[in-house]
There are 2 protein chains.
Amino acid sequence: MTQARTGTPRERYRDQVRAEIKEHAREQIATAGASALSLNAIAKRMGLSGPALYRYFAGRDELITELVRDAYRSLADTFRAAAASGADLTGLARTMRSWALADPQRYFLVFGTPVPGYHAPADVTRIASETMAVIIDACAALPDEGDGPTAFDAHLDGHRQWADGHPASAAALRRALSFWTRLHGVLSLELAGHFTGMSFDPALLYAAELDGLSAH
Amino acid sequence: MTQARTGTPRERYRDQVRAEIKEHAREQIATAGASALSLNAIAKRMGLSGPALYRYFAGRDELITELVRDAYRSLADTFRAAAASGADLTGLARTMRSWALADPQRYFLVFGTPVPGYHAPADVTRIASETMAVIIDACAALPDEGDGPTAFDAHLDGHRQWADGHPASAAALRRALSFWTRLHGVLSLELAGHFTGMSFDPALLYAAELDGLSAH
DNA sequence: AGATTCAGTTAGAGGCTATCACCGCAGCTA
DNA sequence: TAGCTGCGGTGATAGCCTCTAACTGAATCT
C-alpha cells in the first residue's frame, strides 16, 4: 500500500490525488451504490470544485471502470494469496465469502447487474481468468469422483480454451464452473437481501452447497 | 391483457396512459438498463412535457418500483401457469430460463444489484413467496433421495416459517433453496455476460446443474 | 531566467428530477 | 342544460448532475 515512491514529484502528487478520489468513490459506492456515484460530490468533499476531477479521470465512466478493475484485482490477489498459503477448495470458498461480505458493493461491481452497452476492457477479463485458474487448480487437486464423465464433461472437453490451456481434466473444469456458479448463487442472493425474512443462516446454506460440490 | 373496461372514462384514460408510460419505461430499461431510466425522455417520446408524468407517478422511484412489482408478478404468474400445466422441477427450470432470457433486464429488476437504502414493499415479498411455494411443491413431489437428512436439513427444520407453513419435508425445502440458488447462479452469470468468451454452451451448464439437483 | 506544462478556477451548456402556479376542458351535478 | 369542480397538461423555476472551454498562477524543465 505504501510504495509509489517513484517518479517525479508531480507524478507522485497525481497518483496520491487519484488514490484519494478513488477512496472517496469507494466510500460513496459502499453506502449508496454505484449508480449514486457523483464526481461533483467527491470534489466538494475534497475541497475542490467539480471540473478539477477531470484532470484525473476522463469522466464518471472511467472512474467506475477503474474501481471495477481494482475490485477484480483485489479478488484475484485474495484468491492467489489464499492458494499460496495452502487453501483447498473449501478454503477458497471461505475466502470468497469473506471477500464478498467485507464489501458487498465491491462484489456487485464485479458480479452485479451489467449495463447493456458496457464491455469490460480486456485486462479485466484477463484478471478474471487469473482467479479462474486458481479455482481450477484447487479442483484438479481434488480426488476423482467415482462416477464416470458427465455428458457435460464431454462438451467441456471440446470447449476448453477458456481455461487458458490449463491441463486439468474436464471433470475438474466442470467442478470449477459449479464452484463458481453455486457459490455465486448463494452469495449474490444473500447480499441482495433475498434471504432477509427467511430466518435460516445463509452461511449454512453456503456450506451445504459447498459440501454437495465436493461429494457430488 | 384487454380488460380494464371498468370505471369511469377518466379512470380508463388514466390507466391507459399509466400503461403506456410503463411500456416506454420497459423498453428504455431493456435497452439501457434501469439506471438510465428517464422520465423526461419518456415524456418527450409520448409528446408530453416533463412534469405531466408526475400526474401518473409520484416520481422516478415509484415508476421503477411499479416495474419491479410487475416483474415479480410476471415471474410468479409464469411459474404458476407452468405448474398448472403439469411442469415438474425440470419443467420449472426450463420456465425460469426462458423467462430470464426473454428479457434479461426484467430478470435483473428482480435479482439484480440492490440499492443499499431501498427496501421492497411488503406485497413484493408476498409475491416472491408465491413463486417459492410453487418451487417447494415441485420439490416435495420428487422421490426421496436415499441419504438421510443433511446437517443443513436439521437447521432448516428449526427455521422454516419462511416457507409460509408449507408442510414439505426439510429435505424438500433444502432442495427448493438449492434449485433457486444454483439456477440463479448460472443464469445471472450468463445474463451478465461472464460466460462470453468461454465457448461452452451455458444451456448445458444449466442442465448439468439441474441434473445434480435431482440426482444429488 | 524563460518557456512550458499542469492543477485548479469560474462560466456555461445541456440534461435530469421535482415543485409550483396557472389554464382550459371533460365530466358530474343541480 | 348551465354551471361548477377536478383533472390533465403547460411553462417557469430551483437544484442537482456531467462535461467543455477559457483563463490563471505556480511548479517544473531547459
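Just so we're clear, the structure is a prediction, and the values are computed from it rather than from any experiment. Residue numbers begin at 1 in each chain, while the letters A, B, ... track the order of the sequences.
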Undergrad: Starting at CD1 of A:Ile42 and ending at P of D:dC19, how long is that distance when rounded to a whole Å?
TA: 12 Å
Undergrad: Would you find a donor on one side and an acceptor on the other, under 3.5 Å apart, between the side chain of B:Arg60 and the backbone of B:Ser38?
TA: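 Not a single qualifying donor-acceptor pair exists.
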Undergrad: Hey, mind stepping through A:Trp99 and A:Ser74 against side chain to side chain donor-acceptor pair (under 3.5 Å) and telling me if it holds?
TA: CA-CA 9 Å; A:Trp99 186 84; A:Ser74 162; 2.8 Å; yes
Undergrad: Without decimals, in angstroms, what is the distance between B:Phe57 CZ and D:dG8 P?
TA: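 Rounded to whole Å, this separation is 13 Å.
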Undergrad: For B:Tyr54 and C:dC16, what is the distance between atoms OH and P respectively, to the nearest whole Å?
TA: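 So the two atoms are 11 Å apart, to the nearest Å.
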Undergrad: I'd like to know if the side chain of B:Ser178 pairs up with that of A:Glu209 as donor and acceptor (distance under 3.5 Å, no hydrogens or angles considered).
TA: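 Side chains of B:Ser178 and A:Glu209: pair found under 3.5 Å.
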Undergrad: Tell me if a side-chain donor or acceptor on A:Thr65 pairs with a main-chain N or O of A:Asp61 at a distance below 3.5 Å.
TA: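 Looks like yes, one N/O pair under 3.5 Å.
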Undergrad: Among C:dG8, C:dT17, D:dT10, find the nucleotide with the atom closest to the side chain of A:Leu48.
TA: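 Minimum distance to the A:Leu48 side chain belongs to C:dG8.
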Undergrad: Measure from CD on B:Gln28 to C1' on C:dC16 and round the result to the nearest Å.
TA: 12 Å
Undergrad: Take A:Arg55 and B:Val17, find for each the nucleotide of DNA chain D with the closest heavy atom, and name the residue whose nucleotide sits nearer the 5' end.
TA: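 It is B:Val17 whose nearest nucleotide is closer to the 5' end.
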Undergrad: Could you state the atom-to-atom distance from CG of B:Leu53 to C1' of C:dC16 in whole Å?
TA: 13 Å
Undergrad: Ignoring backbone atoms, test whether A:Tyr56 places a side-chain nitrogen or oxygen under 4.0 Å from the OP1 or OP2 oxygen of C:dC6.
TA: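 False: A:Tyr56 side-chain N/O out of range (4.0 Å or more) of C:dC6 OP1/OP2.
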Undergrad: If you assign A:Ser49 and B:Lys44 each to the DNA chain C nucleotide with the nearest heavy atom, which residue ends up on the more 5' nucleotide?
TA: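 Whichever sits nearer the 5' end wins; that is A:Ser49.
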Undergrad: Which whole-number value in Å describes the distance from A:Glu11 CD to D:dA27 C1'?
TA: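 So the CD-C1' distance, A:Glu11 to D:dA27, works out to 14 Å.
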Undergrad: Is a donor from one side chain sitting under 3.5 angstrom from an acceptor on the other, for B:Asp137 and B:His166?
TA: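 Yes, side-chain donor-acceptor contact under 3.5 Å.
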Undergrad: Any side-chain N or O of A:Tyr13 under 4.0 Å from OP1/OP2 of C:dG8?
TA: yes
Undergrad: In whole Å, I'd like the distance from the CZ atom of A:Arg12 to the C1' atom of D:dA27.
TA: 14 Å
Undergrad: Under the side chain to side chain donor-acceptor pair (under 3.5 Å) rule, collect the residues that match up with B:Asp88, sequence neighbours excluded.
TA: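 B:Asp88 satisfies side chain to side chain donor-acceptor pair (under 3.5 Å) with no residue once adjacent residues are dropped.
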Undergrad: Examine the side chains of A:Ser35 and B:Ser35 and answer whether a donor and an acceptor come within less than 3.5 Å of each other.
TA: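 No pair is found: no donor N or O on one side chain lies under 3.5 Å from an acceptor on the other.
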Undergrad: Between A:Glu62 and A:Gly59 (side chain of the first, backbone of the second, donor and acceptor by atom type, cut-off under 3.5 Å), is there such a pair?
TA: no
Undergrad: Give a yes or no on whether the backbone of B:Ala81 and the side-chain of B:Ser85 come within a donor-acceptor separation of less than 3.5 Å.
TA: yes
Undergrad: Along nucleotides 25-30 of chain C, 5' to 3', which nucleotides get a B, which get an S, and which get a -, given that the test is a protein heavy-atom distance under 4.0 Å?
TA: -BS---
Undergrad: According to a strict under-4.0 Å criterion, is B:Asn40 in side-chain N/O contact with OP1 or OP2 of C:dT17?
TA: yes
Undergrad: Name the orientation class of the two ring planes belonging to B:His194 and A:Trp180 (parallel below 30°, tilted from 30 to 60°, perpendicular beyond 60°).
TA: perpendicular
Undergrad: Could you identify which residues of residues 58-67 of chain B place a heavy atom less than 4.0 Å from some atom of DNA chain D, listed by residue number, or say none?
TA: none
Undergrad: To the nearest Å, give me how far apart CG (B:Leu39) and P (D:dT10) are.
TA: 15 Å
Undergrad: Looking only at side-chain N and O atoms, does B:Arg14 come under 4.0 Å of OP1 or OP2 in D:dG8?
TA: yes
